[in-house]
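Here's the structure, in structure tokens; my notes come after.
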There are 2 protein chains.
Amino acid sequence: MPRLNSSRASAESGSSEPGRSGLFVHSMPGHLVRRLQQVAVRLFAEEVNGDLTPVQFAALCAISDRPNIGQAALAALIGYDRATMGGVIDRLEQKGLVARVASAEDRRSNALVLKAAGHRMIASVKPKVEAVQKNLLAPLSEVEQRQFEAICLKLLAHHRG
Amino acid sequence: MPRLNSSRASAESGSSEPGRSGLFVHSMPGHLVRRLQQVAVRLFAEEVNGDLTPVQFAALCAISDRPNIGQAALAALIGYDRATMGGVIDRLEQKGLVARVASAEDRRSNALVLKAAGHRMIASVKPKVEAVQKNLLAPLSEVEQRQFEAICLKLLAHHRG
DNA sequence: GAATAATTGTATGTATACTTACAATAAGTG
DNA sequence: CACTTATTGTAAGTATACATACAATTATTC
């Protein structure tokens, strides 16, 4: 039987540039943003090893800033839906960082509060998170860093909905 | 019993700026990137309604460009791990867009190929995806769009690992 | 004040994403 | 050739993310 012509080797020379051609999607902004998010999460995980995920840290900070906030308001504040936030709070509660307290005003709502370990966790993790943010933008000049932040904020402001 | 002082209403005035203060995390690059990715996924879903997810589209394009590529090489090409890619291919196969063919060279490897419906899907979805990319950057000037792409590419180039 | 509408947290289901571990296979070495 | 090492796809487990639907509750309207 003759060797098949459509094997991996021939496929790699089927495109104009075998192994490292541009592949259409690589230039799409959506793809770039996704890859960038992967990098940010990876850097975060490397620095804050195992203690918290980015979302858990954001939730912790928000609860610290707004004690007794409800889950829906918390989700809206940091940009999630209620369903996802429920799971995030579950894990923060399991770790003993956050407590769900019955709200005095709305019997549907859980008033979220930080426990002592939650405050300690923020204090211990915050410097690492700041380092992550600095490292993430480290390849950029100061001008580029400002441009990047301004552009991101502009995009987010125009895509609210 | 006196009314508790730590209810939601008092909490909202506990911070310097009740409902719309900056909350630390809101200025972090990692947070901005995450929100941006959410926007990109949302725009994609609105335009390409239900047919494909962003990852599925990227995989389809990559297989179209490199027929008989294996799952590990595909994952590396578009920036995923093998485990995630397995599930993505599962769904593309279920939809009849892609086939796993036994590789002629490596009996561990699945050679991935597009089926006819896969080619049709790309043709039908590609214009919509291009529209999404345009809409995503629409709030920016042409200069800002170029800056954004350059900055993203610079960041990704420096954070390969 | 009763009927309707809206909101809260939860549950379910789907789809990323990653880690670790695994069996099968391939590639490397002596 | 045997031995070691690396690679392939998969499985299992964890954690986002989102849509939809749901019961309990609150807000609104008549």
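Proteins get letters first, then strands, A, B, ... in listed order; numbering begins at 1 in each.
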- Item | B:Gln94 CD - C:dG13 P separation (whole Å) | 16 Å
- Item | B:Ser109 side chain near C:dT25 phosphate (N/O to OP1/OP2, under 4.0 Å) | no
- Task: Identify whether the distance between the nearest side-chain nitrogen and carboxylate oxygen of A:Lys95 and A:Asp90 falls below 4.0 Å.
- Result: no
- If you look only at pairs with a residue in residues 147-157 of chain B, which of them pass as a side chain to side chain donor-acceptor pair (under 3.5 Å), with sequence neighbours excluded? A:Glu144-B:Lys154
- Distance check: side-chain N/O of B:Arg91 vs OP1/OP2 of C:dT14, anything under 4.0 Å? no
- Message: Just the rounded figure in Å: distance from C1' of C:dT8 to CG of A:Asp90.
- Response: 15 Å
- Message: Please identify which of these residues, A:Val55, A:Val88, A:Ile122, A:Leu112, meets the side-chain contact (heavy atoms from CB on, under 4.5 Å) condition with A:Leu60.
- Response: A:Ile122
- Considering only side-chain heavy atoms of A:Asp106, which listed nucleotide, D:dA15, D:dT26, C:dA15, is closest? D:dT26
- Item | Protein-nucleotide distance (A:Gln71, atom CD; D:dT16, atom P), rounded to Å | 14 Å
- Message: For A:Phe57, does the six-membered ring have the charged nitrogen or CZ of A:Lys126 within the cation-pi criterion, i.e. under 6.0 angstrom from the centroid and within 45° of the normal?
- Response: no
- Note on the structure: In whole angstroms, the gap separating P of C:dA17 from CG of B:Leu74 amounts to 14 Å
- Mind telling me whether B:Phe148 and A:Phe148 have parallel, tilted or perpendicular rings, with 30° and 60° as the class edges? parallel
- Pairwise side-chain contact, B:Leu114 with B:Met121, heavy-atom cut-off 4.5 Å (strictly under): no
- Item | Residue B:Arg34, side-chain heavy atoms: nucleotide from D:dT8, D:dA17, C:dT8 that is nearest | D:dA17
- Task: Establish, yes or no, whether the cationic atom of B:Lys128 lies under 6.0 Å from the six-membered ring centre of B:Phe44 and within 45° of the ring axis.
- Result: no
- Message: Using a 4.0 Å cut-off on heavy atoms, which residues in residues 54-61 of chain B reach DNA chain C? List them by number, or say none.
- Response: B:Val55, B:Gln56
- Query: Can you check whether A:Ile78 reaches A:Met85 side chain to side chain, under 4.5 Å on heavy atoms?
  - Reply: yes
Considering only nitrogen or oxygen atoms on both sides, find all protein atoms under 3.5 Å from nucleotides 18-24 of chain C and state each distance.
unit_1, atom_1, unit_2, atom_2, d
C:dC18, OP2, B:Asp81, OD1, 3.0

